[in-house]
Amino acid sequence: MGLLFFLFLSCGNEVTPKKQNDPSQFKQALEKVNKYEVEKESDEINQYIAHHNWQMEKTGTGLRYLFLAKGKGAQPRSGDFVKVNYKVSLLDGTECYSSDKDGPKEFKVEGEDIESGLHEAVLLMHVGDKAKFLLPSYMAHGMHGDDAKIPALSAIVVDLELLEVK
């Protein structure tokens with residue numbers, strides 16, 4: 001009986017406070033995972049470039065590019081409308097979109113809801129230029145993909161020809 005009384009007392013009504021999650025710890029963990037994923041994707045892109053033996057330039061944002069033909073036309077600026085021929089592929093070679101099938105694309109530079117990497121890409125070009133761009137997923141369709149042909153977290157290869165600046 002004494003033992004039961006002791007057990008009863010030891011189980012008392014003491015409530016231990018729940019540990020609160022520190023938002024800064026969550027943010028740090030998220031940043032660490034994001035940094036890892038960006039580095040992993042960058043390694044995949046670098047391997048892809050090495051496999052094709054390309055000498056590509058890299059911008060501060062992570063966009064890689066290689067000019068295949070140089071034009072002598074105008075260079076677009078933010079707010080200009082451009083017309084491009086394009087081909088968009090995944091790193092595994094799967095073609096997703098092409099102006100051969102869908103016709104040339106026109107868009108306002110830094111003013112329309114298209115991949116941020118394409119805005120940066122056309123700002124590097126002159127009319128008549130043909131170039132190959134590798135867009136990391138964060139400059140393409142990010143964590144969601146495009147709900148059609150480009151999966152989430154996919155880097156893409158974009159072949160562009162700048163046809164016109166308006």
Side-chain angles (χ1 to χ4, degrees), residues 26-27 29-166:
F26 177 74
K27 183 180 176 187
L30 193 57
E31 288 172 352
K32 186 176 180 180
V33 169
N34 189 42
K35 182 179 178 185
Y36 169 78
E37 289 299 324
V38 168
E39 288 172 357
K40 180 178 150 195
E41 183 178 65
S42 184
D43 288 344
E44 290 172 5
I45 291 170
N46 290 337
Q47 289 174 15
Y48 180 85
I49 292 168
H51 174 75
H52 288 87
N53 202 27
W54 291 331
Q55 300 299 314
M56 299 189 97
E57 301 290 326
K58 182 178 177 183
T59 68
T61 62
L63 176 72
R64 277 94 161 171
Y65 63 95
L66 172 66
F67 282 94
L68 306 170
K70 291 297 265 176
K72 296 183 192 272
Q75 185 172 20
R77 293 175 293 180
S78 182
D80 287 344
F81 284 87
V82 295
K83 184 177 185 179
V84 298
N85 278 329
Y86 61 92
K87 182 173 101 176
V88 178
S89 305
L90 302 177
L91 293 183
D92 70 4
T94 303
E95 185 175 300
C96 302
Y97 302 101
S98 171
S99 56
D100 291 341
K101 296 175 188 168
D102 303 324
K105 176 141 180 93
E106 292 186 34
F107 61 93
K108 184 177 181 181
V109 179
E110 296 184 328
E112 289 195 29
D113 188 25
I114 62 168
E115 301 86 345
S116 65
L118 288 181
H119 292 290
E120 183 176 348
V122 297
L123 288 170
L124 297 171
M125 301 179 78
H126 291 84
V127 171
D129 284 352
K130 292 181 182 182
K132 186 173 294 291
F133 296 92
L134 284 142
L135 282 63
S137 62
Y138 58 86
M139 296 185 80
H141 294 278
M143 294 180 68
H144 301 289
D146 73 351
D147 294 329
K149 299 180 181 182
I150 299 175
L153 297 174
S154 293
I156 58 174
V157 180
V158 180
D159 291 293
L160 277 183
E161 176 184 12
L162 184 56
L163 300 173
E164 189 176 337
V165 176
K166 302 179 201 178

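If you read the sequence from its start, that first residue is 1, and numbering goes on from there. Computed from a predicted model, the values in this text were never measured in an experiment.
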So do the side chains of [X] and [Y] get within less than 4.5 Å of each other, counting heavy atoms only?
| X | Y | result |
| --- | --- | --- |
| Val82 | Glu164 | no |
| Leu123 | Glu110 | yes |
| Ser137 | Glu41 | yes |
| His126 | Lys72 | no |
| Met125 | Glu161 | no |
| Ser89 | Ile156 | no |
| Tyr138 | Leu153 | no |
| Asp129 | Leu68 | no |

Locate the shortest heavy-atom distance separating [X] from [Y]; write the atom from each residue and the value.
| X | Y | result |
| --- | --- | --- |
| Leu63 | Leu134 | CD1-O, 3.7 Å |
| Asp80 | Val165 | OD2-CG1, 3.6 Å |
| Gly117 | Leu135 | CA-CD2, 3.6 Å |
| Leu91 | Tyr48 | O-CE1, 3.1 Å |
| Leu124 | Phe67 | O-CZ, 3.4 Å |
| Thr59 | Glu120 | OG1-OE2, 2.8 Å |

*Would you say the side chains of Tyr97 and Asp146 form a donor-acceptor pair under 3.5 Å?*
yes
*Verdict with reasoning, Leu160 to Leu162, per side-chain contact (heavy atoms from CB on, under 4.5 Å)*: CA-CA 6 Å; Leu160 277 183; Leu162 184 56; over 6 Å; no
*Honestly, is Lys83 close enough over Phe81, meaning NZ or CZ under 6.0 Å from the six-membered ring centre and within 45° of the axis?*
no
To the nearest 0.5 Å, how far apart are [atom1] in [X] and [atom2] in [Y]?
| X | Y | atom1 | atom2 | answer |
| --- | --- | --- | --- | --- |
| Gln55 | Glu57 | CD | CD | 9.0 Å |
| His141 | Ile114 | NE2 | CD1 | 9.5 Å |
| Asn85 | Asp102 | CG | CG | 11.5 Å |
| Lys108 | His119 | NZ | NE2 | 10.5 Å |

*asked:* For Glu37 and Ser42: C-alpha separation, side-chain torsions, deciding distance, then whether side-chain contact (heavy atoms from CB on, under 4.5 Å) applies.
replied: CA-CA 8 Å; Glu37 289 299 324; Ser42 184; over 6 Å; no
*Would you indicate whether His52, at its atom NE2, is surrounded by more than 12 heavy atoms from other residues, nucleotides or ligands within a distance under 6.0 Å?*
yes
_Salt bridge Glu95-Lys149, side-chain N to carboxylate O under 4.0 Å_ = no
*asked:* For Lys70 and Lys130: C-alpha separation, side-chain torsions, deciding distance, then whether side-chain contact (heavy atoms from CB on, under 4.5 Å) applies.
replied: CA-CA 7 Å; Lys70 291 297 265 176; Lys130 292 181 182 182; over 6 Å; no
_Given 3.5 Å as the limit, does a donor-acceptor pair link the side chain of Arg64 with the main chain of Gly62, or not?_
yes
*asked:* Tell me if a side-chain donor or acceptor on Asp43 pairs with a main-chain N or O of Lys40 at a distance below 3.5 Å.
replied: no
*Step-by-step side-chain contact (heavy atoms from CB on, under 4.5 Å) determination, Asp159 to Phe133*: CA-CA 6 Å; Asp159 291 293; Phe133 296 92; over 6 Å; no
